[in-house]
Amino acid sequence: MKQAILITAAGKRIGKCLARALAKQGYYIYLHYHTAHSDAEETLKIIEDNGGAGALVQCDLEDYEAAEALISRCGNLGKDSGYPLRHIINNASQFRDDRIFDFTEQSFSSHQNINLRAPMQLARALYKMIPDGDKGSVINMIDSKVFALNPDFHSYTLSKYALLGATETMAQAFGPKLRVNGIAPGLTLISSSQTAENFELASHLNFIGEPLDVEDIAKTALLLLTSPSLNGTTIPVDGGQKMINFTGDVVNVAADILKKTDILKKTDILKKT
């Protein structure tokens, strides 16, 4: 029997890649979105045009009650589609820059609610929904910076570090019915606040010396979905970036390098004039 996967924030960026790749493997995809309905709709159309199937599900994951009801909604849809929901990829993430010096109650709680609490709620609900004797899995999208901590994006980093721990504790609590694993990507896609020049530099600051391929994240997800022996593990997909102990986020490190390079260029020009 073919199975369904709920992918949160499935309409854009890494979520879109996951949805498309796993649909090609025969999974029915529940494409979650919060406000980006058109992006999710476009991704679903791409899936269907390539012979896959799925459905859109809207939810504000910061809302406890809404998150609590999401799995049962997918389960009810699954009764009609014939694809039982057995897997979740917790890909949605709040990512805003704050520091220990300026975090607020709202910035802290928003990151914890979306990046930590909601994934735990969804995993718990899936565990309760799966019949005894059947099995499923959860994949949490974490961040390779949890293996080389720095103080930038403080609330975000703490939420992902906590999710790393929750991945292990949930794997213990929900086994053997539900396996829980993680993927910890490095810098993969350019962000809206990042310049092309910054991304070009930052994406090469790893031990493979080149930008990461987003498709490798999808391949890793498929490995975790189809390997029953993998449980409670988090796989870095970062080109070895975690082994470079930056004192700040890689984006900010790249910005500092570019700034210093620009100053050196200007100084050199002044010397020649």
Side-chain angles (χ1 to χ4, degrees), residues 1-94 113-115 117-131 134-141 163 170 174 177-183 214 217-218 220-226:
M1 179 183 292
K2 291 186 177 180
Q3 298 179 337
I5 305 174
L6 167 65
I7 302 177
T8 60
K12 297 189 290 186
R13 297 176 62 79
I14 291 175
K16 182 177 184 177
C17 175
L18 290 168
R20 294 176 61 179
L22 296 175
K24 288 181 180 179
Q25 298 297 321
Y27 289 98
Y28 185 93
I29 309 296
Y30 289 108
L31 297 100
H32 158 267
Y33 68 95
H34 178 205
T35 58
H37 176 269
S38 60
D39 293 314
E41 195 171 46
E42 179 185 340
T43 303
L44 178 57
K45 185 178 186 306
I46 293 171
I47 287 172
E48 292 174 338
D49 287 347
N50 285 279
L56 305 182
V57 285
Q58 192 280 335
C59 180
D60 177 2
L61 294 176
E62 195 167 4
D63 183 323
Y64 182 92
E65 296 301 330
E68 195 73 2
L70 181 56
I71 295 300
S72 61
R73 286 171 54 202
C74 294
N76 290 333
L77 289 171
K79 293 175 183 177
D80 298 327
S81 69
Y83 295 85
L85 179 63
R86 292 294 180 266
H87 309 280
I88 301 170
I89 300 181
N90 285 307
N91 171 68
S93 185
Q94 177 74 282
N113 289 340
I114 295 172
N115 298 355
R117 191 204 69 204
M120 294 193 300
Q121 283 183 269
L122 298 181
R124 178 179 65 185
L126 181 63
Y127 174 83
K128 291 179 178 178
M129 189 187 75
I130 294 178
D134 209 345
K135 293 188 178 183
S137 71
V138 173
I139 299 173
N140 295 320
M141 300 300 293
L163 185 59
M170 288 191 292
F174 294 149
K177 182 187 289 186
L178 203 62
R179 294 183 299 112
V180 185
N181 292 294
I183 298 174
V214 67
I217 297 175
T220 305
L222 182 61
L223 172 69
L224 292 173
L225 288 167
T226 57

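Sequence positions, counted from 1, serve as the residue numbers for this chain.
- Judged by a 6.0 Å distance limit and a 45° cone about the ring axis, Lys177 is positioned over the six-membered ring of Tyr127.
- Listed here is the closest heavy atom pair of Ile114 and Ala118: O-CB, 3.8 Å.
- For the atom pair CD1 of Ile47 and CD of Glu42, the computed distance is 11.0 Å after rounding to the nearest 0.5 Å.
- Between atom CZ of residue Arg13 and atom CG of residue Asn91 there is a gap of 10.0 Å, rounded to the nearest 0.5 Å.
- With rounding to the nearest 0.5 angstrom, the CG atom of Asn140 is 4.5 Å from the CG atom of Leu163.
- When side chains are defined from C-beta on, Leu225 counts as touching Tyr27, because their heavy atoms get closer than 4.5 Å.
- Pairing each heavy atom of Ala10 with each of Ala19, the nearest pair is O-CB, 4.1 Å.
- When the options Leu85, Ile71, Leu178 are evaluated for a side-chain contact (heavy atoms from CB on, under 4.5 Å) with Ile130, the one that passes is Leu178.
- Closest approach of Leu18 to Ala221, counting heavy atoms only: CD2-CB, 3.8 Å.
- The shortest distance between side-chain heavy atoms of Leu77 and Val57 falls below 4.5 Å.
- Taking every heavy atom of both residues into account, Lys2 and Gly26 meet most closely at CD-O, 3.6 Å.
- A 4.5 Å side-chain heavy-atom check between Leu22 and Leu222 finds at least one atom pair inside the cut-off.
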Step by step, would you call Met129 with Cys74 a side chain to side chain contact (heavy atoms under 4.5 Å, CB included)?
CA-CA 11 Å; Met129 189 187 75; Cys74 294; over 6 Å; no
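- Screening residues 49-60 for side-chain hydrogen bond (donor to acceptor under 3.5 Å, both in side chains), with sequence neighbours left out, gives Lys45-Asp49.
- You'll find the side chain of Glu68 reaches within 4.5 Å of the side chain of Arg124, heavy atoms only.
- With respect to Asp134 and Arg86, a salt bridge is recorded, a charged nitrogen being found less than 4.0 Å from a carboxylate O.
- Using a 4.5 Å heavy-atom threshold, the side chains of Lys16 and Ile46 count as touching.
- Distance NZ/Lys128 to CZ/Phe174: 8.5 Å, rounded to 0.5 Å.
- Atom CD1 of Ile89 and atom CD1 of Ile217 lie 11.0 Å apart (nearest 0.5 Å).
- Note that the OH atom of Tyr64 and the CZ atom of Arg117 stand 7.5 Å from one another [nearest 0.5 Å].
- A search for side chain to side chain contact (heavy atoms under 4.5 Å, CB included) contacts involving Leu44 returns Leu31, Glu48, Leu56, not counting sequence neighbours.
- Taking all atoms of both residues into account, the shortest heavy-atom contact from Thr8 to Ala92 is OG1-N, 2.8 Å.
- Looking only at distances, no side-chain donor or acceptor of Asn181 sits under 3.5 Å from a matching main-chain atom of Ile139.
- Without hydrogens or angle criteria, His32 side chain to Ala9 main chain gives a donor-acceptor distance under 3.5 Å.
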Go through Ile29 and Thr43 one step at a time and tell me if the side chain to side chain contact (heavy atoms under 4.5 Å, CB included) criterion holds.
CA-CA 10 Å; Ile29 309 296; Thr43 303; over 6 Å; no
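- Counting only heavy atoms from C-beta outward, the side chains of Met170 and Pro119 never approach each other to under 4.5 Å.
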